[in-house]
Protein chains: 2
Amino acid sequence: MASLRKTNRQTEDETLVETPDLEEFIGYNLKRAYVIVQADFRRALGEDGFAPRVFSALSLVVQYPNVTQSGLARMLGIERSGLVAIVDELEGRGLLKRTNVPGDRRVQALVPTNAGAKAYADARAAVRSHEERLLSNLNDDEKATLMSLLAKIRASEV
Amino acid sequence: MASLRKTNRQTEDETLVETPDLEEFIGYNLKRAYVIVQADFRRALGEDGFAPRVFSALSLVVQYPNVTQSGLARMLGIERSGLVAIVDELEGRGLLKRTNVPGDRRVQALVPTNAGAKAYADARAAVRSHEERLLSNLNDDEKATLMSLLAKIRASEV
DNA sequence: TATAAACTGTTTACTAGATTAACAATATGG
DNA sequence: CCATATTGTTAATCTAGTAAACAGTTTATA
């Protein structure tokens with residue numbers, strides 16, 4: 001707090017301490033934060049753990065059994081074509097089944113297997129402890145505030 | 001607030017209103033919010049406007065002229081190999097120059113052109129108004145709080 | 001001073017995540 | 001019945017990013 005020279009004047013010093021414009025943009029900070037959390041997620045879940053999007057898909061299938069692929073894509077905010085590979089992976093690992101629905105032969109309802117429910121419970125615990133560990137410098141109030149502010153951003157989707 | 005049935009009990013209703021696990025994870029909400037902001041950024045800057053990462057790079061070059069590519073990559077948190085295409089694009093558009101530095105023939109200092117400084121000022125204004133418009137349901141306090149919480153996440157990088 | 005180690009910008013190959021467009025099969029609404 | 005819409009799927013494409021190698025150059029060390 002000694003110096004009052006807080007301008008963004010250009011110098012040739014190798015140590016530049018002024019806040020660059022970038023830090024003032026929410027988008028930039030959102031991305032940097034997201035990259036950090038996402039990288040730690042992968043580290044925490046390990047080599048052949050779930051990728052974030054696969055974890056998310058499994059989570060919804062476990063919580064909403066019989067969800068259709070289209071419905072799941074809508075919930076995740078991705079195209080249904082992009083979901084095929086994710087469901088293929090989960091089915092290939094024996095964590096869910098594609099089942100046909102009497103009355104509509106187009107849809108394939110997704111049903112978690114017992115192994116899928118178990119794998120999800122384990123993964124959820126791992127994700128929870130990853131976030132708790134990584135974000136240990138935020139207290140519960142701060143986390144709740146962050147969530148509500150992120151929810152506001154999500155609510156402003158065009 | 002009429003019903004107290006707030007369990008996550010499984011039903012066969014087509015309208016499921018309970019909060020799924022996913023919404024409780026900071027990583028998930030961070031990603032969803034980031035996707036929304038990033039998509040609006042691109043929409044706002046238009047067909048041949050800057051991609052977010054190109055905008056970020058130009059911002060730093062304008063604010064820190066003579067930054068090296070390695071230095072810029074470090075600031076952006078990406079590999080220097082990934083920066084080559086970004087700098088190629090900016091140089092190709094005539095917005096910066098690669099200049100050689102007397103005393104170290106390895107490095108190429110990046111210097112914004114006048115056109116680059118102008119383009120950045122315009123883009124920065126466009127980005128500011130995009131964020132102001134998109135995030136108009138957050139007041140200044142909320143935005144400041146969000147920034148400080150995101151900064152805390154950034155500070156917890158491993 | 002000789003040599004090993006490190007750093008810079010770059011290319012190439014690869015991966016992940018995602019989108020768009022088309023398609024056949026099926027369902028729904030005038 | 002017929003036009004329209006929906007579902008799951010494939011194929012082609014795009015973007016953003018990494019990792020590994022490389023030649024040229026600089027720095028550190030023995």
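Letters A, B, ... mirror the listed sequences (proteins, then strands); counts begin at 1.
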Problem set entry | Evaluation steps, side-chain contact (heavy atoms from CB on, under 4.5 Å), between B/R43 and B/H130 | CA-CA 9 Å; B/R43 239 185 328 258; B/H130 124 74; over 6 Å; no
Exercise. Is any side-chain heavy atom of A/N29 closer than 4.5 Å to a side-chain heavy atom of A/I26?
Worked result: no
Exercise. Would you say the side chain of B/V62 lies within less than 4.5 Å of the side chain of B/L58, judging by non-hydrogen atoms?
Worked result: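 They are in contact (side-chain heavy atoms under 4.5 Å apart), so the answer is yes.
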Roughly how many Å is it from [atom1] in [X] to [atom2] in [N], rounded to a whole number?
X      : N      : atom1 : atom2 : answer
A/L110 : D/dG8  : CG    : P     : 8 Å
A/R74  : D/dA5  : CZ    : P     : 15 Å
B/L72  : D/dG17 : CG    : P     : 13 Å
A/L76  : C/dT19 : CG    : C1'   : 16 Å
B/R32  : C/dG17 : CZ    : P     : 16 Å

For this session: May I ask you to list the residues of residues 79-91 of chain B, by number, that have any heavy atom positioned under 4.0 Å from an atom of DNA chain C?
Result: B/R80, B/S81, B/V84
For this session: For A/G77 and for B/T68, locate the closest nucleotide of DNA chain C by heavy-atom distance; then report the residue assigned to the nucleotide nearer the 5' terminus.
Result: B/T68
Flag, side chain of [X] to backbone of [Y], donor-acceptor distance under 3.5 Å:
X     : Y      : result
B/T99 : B/A109 : yes
A/Q69 : A/R80  : no
A/E91 : A/V87  : no

Problem set entry | Annotated protein contacts, base or backbone, on nucleotides 24-30 of chain C with a non-hydrogen cut-off under 4.0 Å, one of B, S, - each | -BBS---
For this session: Assess whether atom NZ of A/K97 is packed by more than 12 heavy atoms of other residues, nucleotides or ligands within 6.0 Å.
Result: no
Problem set entry | B/N137, CG: over 12 other non-hydrogen atoms inside 6.0 angstrom |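 Yes, enclosed.
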Return no unless some side-chain N or O of [X] is found under 4.0 Å from OP1 or OP2 of [N].
X     : N      : value
A/S70 : D/dT7  : yes
B/Q69 : C/dC7  : no
A/R42 : C/dT15 : no

Exercise. Can you name the nearest heavy-atom pair linking B/L110 to B/L96, along with the distance?
Worked result: CD2-CD1, 4.3 Å
For this session: Between A/Q108 and B/Q38, name the one whose nearest nucleotide on DNA chain D is closer to the 5' end.
Result: A/Q108
Seminar exercise, completed: In numerical order, the residues of residues 46-60 of chain B whose heavy atoms come under 4.0 Å of DNA chain D are B/A51, B/R53
Exercise. Under 3.5 Å, is there a donor-acceptor pair between the B/S59 and B/Q63 side chains?
Worked result: yes
Exercise. Going by the angle between their ring planes, with limits at 30° and 60°, are B/F55 and B/F50 parallel, tilted or perpendicular?
Worked result: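 Answer is tilted, since the angle falls between 30° and 60°.
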